[in-house]
Amino acid sequence: MPLTVLDRRSLLKALSLAPAFAVTVPRWARAEAEAAGLITPDVCLLQPEVTEGPYYIDPGLIRQDIAEGRPGLPVVLRFQVVMADCKPVEGARVDVWHCDAAGDYSGVQGDAGTFLRGTQPTDADGVAEFRSIFPGWYPGRVTHVHYKVFLDERTVLTGQIFFDDRLANAIHADHPAYEGRGAQDTALAADGIARQAGAGAVARLDLDAPDGEAIAALVVGVDRDRASGSLLERLFGRG
């Protein structure tokens, strides 16, 4: 069900109440980010490595649409991979995975499913895009999406992206797919992984996109010297 049939009044109220996500950066750095064509021009931060969690699998699904018909608010997840100088990285591999509206992951606990998992290469602007649903939540964690960015055969950044509490709770309250779950039981400020990731891991969420989808955008700044040295089991184009 698209955003246009939700209670837009409550969503827009939540949007107005949500603090504007602003990161204090020097004016020259912001100008450099804008000149580089970043999708969130006010943010150009190196993302810290955070825990992968227990739910990562690599089903080898190079695809943009990862929803597989799961109910929920349609959302476009837009990642832009850049280096420390804010220049976009073309050809990086981006893996994403997250839970469904009920808080469940595919491919775990005996489930052979693949919903809400996928891989995309970044384009010339460093952008990888996925069509998904807004994630639900599960006890003890704030609403989030997992990702991995592979720069090459040995360099990988594992991270998570987050959303403003008021916006996440408004979506969960107004969309029938999340009915009965209520507000997430862990706030952004109380989630240890979110605190570790910092303010730069909170996605810019556009709830007023003309096609009725929400758009979540995040610039992922990668420090090659700090990213983990992990061998890829499978690269693009290999079996």
Side-chain angles (χ1 to χ4, degrees), residues 11 13-53 75-89 92 94 96-99 126-130 132 134-135 137 140-149 156-172 183-208 214-228:
L11 284 175
K13 180 180 179 182
L15 184 62
S16 68
L17 291 174
F21 180 65
V23 176
T24 302
V25 295
R27 184 174 299 177
W28 64 264
R30 183 172 299 151
E32 184 177 357
E34 292 175 349
L38 301 187
I39 59 177
T40 57
D42 57 331
V43 178
C44 186
L45 297 176
L46 296 176
Q47 294 293 333
E49 184 92 1
V50 300
T51 181
E52 176 183 295
V75 64
V76 176
L77 300 173
R78 196 169 286 164
F79 296 81
Q80 187 173 37
V81 181
V82 301
M83 298 304 291
D85 58 2
C86 294
K87 293 182 179 178
V89 179
V94 180
V96 300
W97 70 102
H98 65 85
C99 69
V127 176
E129 189 172 283
F130 300 86
S132 189
F134 192 78
W137 60 273
R141 288 301 317 277
V142 73
T143 304
H144 62 282
V145 172
H146 300 264
Y147 68 86
K148 282 180 177 286
V149 174
V156 55
L157 172 71
T158 300
Q160 297 180 23
I161 66 174
F162 305 93
F163 308 93
D164 179 88
D165 286 332
R166 294 185 181 96
L167 299 181
N169 286 334
I171 291 171
H172 292 158
Q184 55 193 8
D185 69 357
T186 303
L188 193 61
D191 187 288
I193 297 175
R195 291 199 306 271
Q196 178 188 358
V202 178
R204 172 173 290 179
L205 187 62
D206 180 4
L207 296 175
D208 204 25
I215 298 176
L218 186 78
V219 173
V220 180
V222 179
D223 185 343
R224 185 179 290 274
D225 293 332
R226 294 183 181 178
S228 300

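Here the shortest heavy-atom pairing between Gln80 and Pro88 reads NE2-CG, 4.2 Å. Smallest separation of non-hydrogen atoms from Leu157 and Gly221: CD2-O, 4.3 Å. Taking all atoms of both residues into account, the shortest heavy-atom contact from Ala216 to Leu205 is CB-CD1, 3.9 Å. Closest approach of Asp191 and Gly140 over heavy atoms only: OD2-O, 4.2 Å. The minimum heavy-atom distance between Tyr147 and Gln160, with the atom names listed, is CE2-N, 3.5 Å. Residues Ala197 and Phe162 come closest through the heavy atom pair CB-CE1, 3.8 Å.
With a 4.5 Å cut-off on side-chain heavy atoms, Ile171 and Leu207 count as touching. At a threshold of 4.5 Å between non-hydrogen side-chain atoms, the residues Leu188 and Val202 count as touching. A 4.5 Å side-chain heavy-atom check between His98 and Val96 finds every atom pair outside the cut-off.
Applying the side-chain hydrogen bond (donor to acceptor under 3.5 Å, both in side chains) rule to Asn169 yields no partners; only residues at least two apart in sequence or on another chain are considered. For Phe163, the ring-ring contact (aromatic ring centres under 6.0 Å, His included) partners two or more places apart in sequence, or in a different chain, are Phe134. Listed by chain and number, the residues in a side-chain hydrogen bond (donor to acceptor under 3.5 Å, both in side chains) with His146 are Tyr105, His144 (sequence neighbours excluded). Every residue two or more places apart in sequence or in another chain was checked for a salt bridge (Lys or Arg N to Asp or Glu O under 4.0 Å) with Asp165, and none qualifies.
Here the options are Val145, Val94, Ile215, Leu218, the test is side chain to side chain contact (heavy atoms under 4.5 Å, CB included), and the partner is Leu77; only Val145 passes.
A distance-only check finds no donor-acceptor pair linking the side chain of Arg141 to the backbone of Thr186 [under 3.5 Å].
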